[in-house]
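Below: one structure, written as structure tokens.
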Amino acid sequence: MSGNITLTMIKPDAVRNNHIGGILKMINEAGFRIVAMKYTKLSSEKAGEFYAVHKERPFYGELVEFMSSGPIVAAILEKKNAVEDFRTLIGATNPANAADGTIRKMYATSLGENAVHGSDSDENANLESDFHFSKVERF
Ligand code: ATP
Ligand code: MG
């Protein structure tokens, strides 16, 4: 299954703005299969752990505060070439630079509040999937 999964989170801004349905529709229409999914909320400790790679960056505190500011939807998605294809579907980190037809172009509000997360490598897809889901939560 390696190479065929990615981990996404529908971030607190998109949940607050009632975009869960719209985003899941785009994910399904792009050919991703949902392996696991949950509606949950990250504590600031867990959000900090998830984004620990950015610990030294100036926006880390803001990122952790935002990601723990409300509920999220976490999901494991399966598709051939999942990581790269999902990054294409979500668009650039800054929605101002996101291509037409991408999730961030449609639903993100700013660089900090950019609607969705997508794993950046197969290794991180597996680590991030294990962060959110046990084996028995995957179908
Ligand atoms: P994500 O990991 O959430 O999918 P990404 O891989 O496109 O996003 P990263 O470089 O991993 O981008 O940054 C993680 C998140 O940190 C971004 O999605 C964004 O919300 C936030 N972020 C990145 N750069 C900045 C910045 N300069 N100012 C504020 N927030 C930022
Ligand atoms: Mg990233």
Side-chain angles (χ1 to χ4, degrees):
M1 189 142 115
S2 179
N4 294 336
I5 62 162
T6 191
L7 185 284
T8 189
M9 294 184 289
I10 300 177
K11 296 185 179 184
D13 61 318
V15 172
R16 271 194 285 275
N17 295 328
N18 288 330
H19 294 319
I20 294 175
I23 291 170
L24 291 180
K25 184 168 191 283
M26 289 179 74
I27 288 171
N28 276 146
E29 287 178 352
F32 291 88
R33 190 182 77 79
I34 293 166
V35 174
M37 177 171 284
K38 67 173 67 159
Y39 189 49
T40 186
K41 185 170 181 289
L42 295 173
S43 63
S44 50
E45 289 74 21
K46 292 297 274 184
E49 193 187 318
F50 187 91
Y51 280 110
V53 63
H54 295 307
K55 199 172 252 166
E56 307 306 327
R57 309 282 284 277
F59 57 84
Y60 179 70
E62 185 188 322
L63 175 61
V64 168
E65 190 179 337
F66 166 62
M67 286 303 296
S68 57
S69 69
I72 62 162
V73 175
I76 300 174
L77 307 176
E78 182 182 46
K79 181 184 188 295
K80 190 163 158 281
N81 204 32
V83 166
E84 192 185 337
D85 285 4
F86 192 68
R87 299 283 305 190
T88 301
L89 178 65
I90 68 181
T93 307
N94 187 340
N97 303 325
D100 284 345
T102 61
I103 292 175
R104 282 171 170 162
K105 177 74 172 192
M106 292 279 292
Y107 296 119
T109 41
S110 66
L111 172 58
E113 305 202 355
N114 59 5
V116 279
H117 165 81
S119 305
D120 61 10
S121 66
D122 290 340
E123 185 188 1
N124 284 334
N126 285 310
L127 290 171
E128 292 171 4
S129 294
D130 292 345
F131 178 94
H132 281 290
F133 297 99
S134 68
K135 298 295 178 205
V136 297
E137 293 176 299
R138 304 176 193 201
F139 303 97

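Atoms within each ligand, like the ligands themselves, are counted from 1 in listed order. Given the structure is predicted, the values throughout are model-derived calculations rather than measurements. Numbers here are sequence positions counted from 1.
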Pairs under 3.5 angstrom only: tabulate donor-acceptor contacts from the side chains of residues 50-67 to other protein residues two or more places apart or in another chain.
{"residue": "Y51", "atom": "OH", "partner": "H117", "partner atom": "ND1", "Å": "3.3"}
{"residue": "H54", "atom": "ND1", "partner": "R57", "partner atom": "NH1", "Å": "3.2"}
{"residue": "Y60", "atom": "OH", "partner": "G48", "partner atom": "O", "Å": "2.9"}

Please output the side-chain donor-acceptor pairs of residues 16-24 that fall under 3.5 Å, not counting sequence neighbours, one pair per line with the distance.
{"residue": "R16", "atom": "NH1", "partner": "S69", "partner atom": "OG", "Å": "3.4"}
{"residue": "R16", "atom": "NH2", "partner": "S69", "partner atom": "OG", "Å": "3.3"}
{"residue": "N17", "atom": "ND2", "partner": "D13", "partner atom": "O", "Å": "3.1"}

N/O donor-acceptor pair under 3.5 Å between K41 side chain and I72 backbone: no
Side chain of R138, backbone of S129: donor and acceptor closer than 3.5 Å? yes
side-chain contact (heavy atoms from CB on, under 4.5 Å), paired with F131, selected from L7, N124, L42: L42
Can you name the residues that come within less than 4.0 Å of ligand 1, going by heavy atoms only? K11, Y51, H54, F59, E62, L63, R87, T93, R104, L111, G112, N114, H117, G118
Side chains of residues 85-99: which donor-acceptor partners sit under 3.5 Å, not counting sequence neighbours?
{"residue": "D85", "atom": "OD1", "partner": "N81", "partner atom": "ND2", "Å": "3.1"}
{"residue": "D85", "atom": "OD2", "partner": "K79", "partner atom": "NZ", "Å": "2.6"}
{"residue": "R87", "atom": "NH1", "partner": "G118", "partner atom": "O", "Å": "2.9"}
{"residue": "T88", "atom": "OG1", "partner": "E84", "partner atom": "O", "Å": "3.1"}
{"residue": "N94", "atom": "OD1", "partner": "A96", "partner atom": "N", "Å": "3.0"}

